[in-house]
Amino acid sequence: MERRLFSALLVLLLCTFAPCMNAWSQAPFSPFNYGLDSATTGEERYWALYRTHVAALEAGVDVDYSGVDTLHLTMPPQWKSIPLGSHTDFRGLVLFVENHSHDGALFSRSAQTQSIDMPKSVIDGGDFRSIPQLAKGHYLLILRDEHPWVAERLGYGYPHYRSDIILIQEGRGLNQPIAPYNTDSTLVKASYTPLQAPVSVSNLTLHRVVGCTKKTYCISLHNLDDITLSHIHITTPRSTMIADGAISIGNCTHVTLRHITVDGTYSGYGRSRNYGYAFSMNNIWHSTFEDVVANGNWGVFGTNNLSNTTLIRCDVNRFDIHCYGRDARLVNCVLRQKQTQFSSMYGTVEFDSCLFADCIPVRVRSSFNAYTPFDIVMRNCTFEATLRHHALVNMMLLDTNLNRRPELRQKCWPNLTIDGLTVIAPITVRHLYLYDPTGTRSECRKPVHHIEQVNVKGVRVKRPNGKLAPHLIELTSYPFATVNPMKVDIRYQE
């Protein structure tokens, strides 16, 4: 009887204290417990952070940065990227990083993928229940077309391969590829990964210090769904290094960046092939950028294979989908000095209440030799014209051979719809062109497809002092031919 009573009391105690024991076992790990309190050098401080994150990831707990304010790190030889858990709040941590060892991302997270045979006839329909590995559960399906989308980017010498990513739930795709895969010219290579937990990273400042000879990227994330980065600040001093990717994201869905500030990038100065980006993104579906302020020597966005992206209240000097994208929306954004740039774009590029300050609102890049059908919509925008930039849509032209892929042989120009546009033009700007073909003029004599309508209403032209200016809008800076009859309607606001 006593033994039974003791057993009952023991069970009662275990049930009572089990939640507390579980809470204790799940307590986050602090870098102070992994050598940070005794670290005296930049390398020792790096290793303390690395050990903390590795241990926390193995235990399935978060890292607690309470009490860690400012750290100076020196990247040791053969340093490794610090692995991120599903939730990392750096709590306002400020890092000063010196790197002379090798290029790499300071923090990263990536899911493993497995190859899978994927009939291209299945992809476009979005029903994957016939594929045993994808019939049940939640997965990311990563597609790559092994047949070059563009065999050689003119002036650059490298090919472009299109990629798509499909989010699958219980055998059904929640989205579709940017362009069809069930074509004779498509050669599918596919892989998949089960969905992991959502990933969030917040409250971090990274200063890449003067004199670094190697690049320290901030964050690298790949093969994931449901990512949120918030309140991150990255600074980079003037440098001759190039090919930056301060935040790199690839093969991901549902990506959100909020309150991100980037001051400078590694993108070279005075060299012929300067390039480098704050945001290097490839093969992303459903991305959102809110309250992003970024400026770099070359331009802050370097993206490919991007579908369904939205920018809200961003202030940037350049937004690109270099090649292969669908549907972009910019709301209450400021774009400065450079351009938004697209190639192989589909769907709609939409600007709502945006300010274009001495920049090209839309540039269609010709170096990929693919002029795909898409439309441009502008609502209640303001364009500050200059002698350098006084056209809304720049069609870069090269007298090139037809693309090798049949689906890319037609050269398509975008339709343009404007509902409310304020143009601020100094007296030196005498024309505002809706389309500005630049390059080999003989290309303009070859009729272009898709474009049928230019509908512009609610235009007001002002001088910088606020006084009304003469009507100065013209359709094009150089005549071009179209396959279909084109309706042009331009109406000023009286």
Side-chain angles (χ1 to χ4, degrees), residues 149-150 154 178-180 183 185 320-328 339-351 356 360-379 381 383 385 389-421 423 430-459 471-492:
W149 188 252
V150 175
L154 300 173
I178 291 170
T183 70
S185 53
D320 289 12
I321 298 179
H322 279 95
C323 193
Y324 195 66
R326 176 179 286 274
D327 295 335
Q339 69 270 327
T340 67
Q341 184 167 277
F342 306 95
S343 180
S344 288
M345 194 66 182
Y346 294 84
T348 303
V349 175
E350 183 179 352
F351 302 92
F356 307 105
I360 302 171
V362 176
R363 167 171 277 172
V364 180
R365 188 78 188 220
S366 62
S367 59
F368 291 100
N369 195 24
Y371 304 78
T372 49
F374 74 101
D375 297 322
I376 301 168
V377 176
M378 296 182 180
R379 299 187 186 93
C381 292
F383 180 44
H389 295 139
H390 53 274
L392 295 183
V393 183
N394 174 216
M395 300 298 302
M396 301 181 70
L397 299 173
L398 290 173
D399 195 3
T400 60
N401 296 322
L402 293 177
N403 195 294
R404 298 178 185 178
R405 295 184 68 116
E407 62 265 48
L408 299 179
R409 287 178 184 166
Q410 287 188 353
K411 294 187 180 295
C412 300
W413 282 27
N415 292 302
L416 176 62
T417 300
I418 296 177
D419 186 1
L421 176 67
V423 179
R430 299 184 178 182
H431 305 281
L432 176 72
Y433 299 111
L434 301 180
Y435 294 86
D436 180 30
T438 57
T440 304
R441 296 306 190 184
S442 62
E443 190 76 2
C444 287
R445 292 192 288 271
K446 300 176 182 178
V448 293
H449 292 259
H450 185 67
I451 184 171
E452 295 180 346
Q453 178 175 292
V454 176
N455 187 4
V456 179
K457 65 179 181 179
V459 179
H471 297 177
L472 48 71
I473 291 181
E474 297 184 17
L475 174 64
T476 179
S477 63
Y478 193 87
F480 59 90
T482 62
V483 172
N484 301 317
M486 189 169 66
K487 180 181 178 181
V488 178
D489 186 8
I490 302 175
R491 300 183 186 183
Y492 289 85

### Query
What's the spacing between Cys323 SG and Phe368 CZ if we round to 0.5 Å?
4.5 Å

#### Entry: Gap between atom CG of Leu432 and atom CD of Glu474 - 0.5 Å precision
9.0 Å

### Message
Minimum heavy-atom separation for Pro437 and Tyr478, please, with both atom names.
### Response
CG-O, 3.8 Å

#### Entry: Side chain proximity check, Phe342 to Ile321, heavy atoms < 4.5 angstrom
yes

### Query
With a 4.5 Å heavy-atom cut-off, do Leu421 and Leu392 have their side chains touching?
yes

### Message
Would you say that Arg365 contacts His322 through its side chain, given a criterion of any heavy-atom pair below 4.5 Å between the two side chains?
### Response
no

### Message
Given 3.5 Å as the limit, does a donor-acceptor pair link the side chain of Tyr492 with the main chain of Ile473, or not?
### Response
yes

### Query
For the residue pair Ser366 and Met396, what are the closest heavy atoms and their distance?
CB-O, 2.9 Å

### Message
Tell me if a side-chain donor or acceptor on Arg409 pairs with a main-chain N or O of Arg404 at a distance below 3.5 Å.
### Response
yes

### Task
Supply the atom-to-atom distance Tyr346 OH to Ile178 CD1, rounded to the nearest 0.5 angstrom.
9.0 Å

### Query
Got more than 12 heavy atoms from elsewhere within 6.0 Å of CZ, Arg430?
no

### Message
If you compare all heavy atoms of Leu397 against all heavy atoms of Cys444, which two are closest, and at what distance to 0.1 Å?
### Response
CD1-SG, 3.4 Å

### Message
Testing the 3.5 Å rule here: is there a donor-acceptor pair between the side chains of Asn394 and Thr438?
### Response
yes

### Query
Taking C-beta and beyond as the side chain, do Met395 and Pro414 meet within less than 4.5 Å on heavy atoms?
yes

### Query
Going by heavy atoms in the side chains, are Leu408 and Thr372 under 4.5 Å from each other?
yes

### Nearest heavy-atom neighbours spanning Ala179 and Tyr324
N-OH, 3.1 Å

### Query
Under 4.0 Å between a Lys/Arg side-chain N and an Asp/Glu carboxylate O for Asp489 and Arg491?
yes

### Query
Any side-chain heavy-atom pair from Val349 and Thr340 closer than 4.5 angstrom?
no

### Task
Please round to the nearest 0.5 Å and tell me the distance separating atom CG of Asp419 and atom CG of Asn455.
8.5 Å

### Query
Between Ile490 and His471, is any pair of side-chain heavy atoms under 4.5 Å apart?
no

### Task
Give, for atom CE of Met486 and atom CG of Leu475, the distance between the pair rounded to the nearest 0.5 Å.
5.0 Å

### Query
Please walk me through it: do Phe374 and Cys412 pass side chain to side chain contact (heavy atoms under 4.5 Å, CB included)?
CA-CA 8 Å; Phe374 74 101; Cys412 300; over 6 Å; no

### Query
Would you call the rings of Phe383 and Phe356 parallel, tilted or perpendicular if under 30° counts as parallel and over 60° as perpendicular?
perpendicular

### Query
Looking only at heavy atoms, what is the nearest atom pair of Gln339 and Asp320, with distance?
O-OD1, 4.0 Å

### Query
Quick one: which of Glu452, His449, His450 gives a side-chain hydrogen bond (donor to acceptor under 3.5 Å, both in side chains) with Asn484?
Glu452

### Ring geometry between Tyr435 and Trp413 (parallel below 30°, tilted from 30 to 60°, perpendicular above 60°)
parallel

### Message
For the CD atom of Glu350 and the CG atom of Asp375, what is their distance to the nearest 0.5 Å?
### Response
11.0 Å

### Message
Could you tell me if the side chain of Ser185 sits less than 4.5 Å from the side chain of Pro406, heavy atoms only?
### Response
yes

### Query
If you take all heavy atoms of Glu443 and Lys411, which pair is closest and at what distance?
OE2-CE, 3.0 Å

### Query
Do Asp436 and Ser477 get their side chains close enough for a donor-acceptor pair, meaning under 3.5 Å?
yes

### Query
How about Asn369 and Asn403: does a side-chain donor come under 3.5 Å of a side-chain acceptor?
no

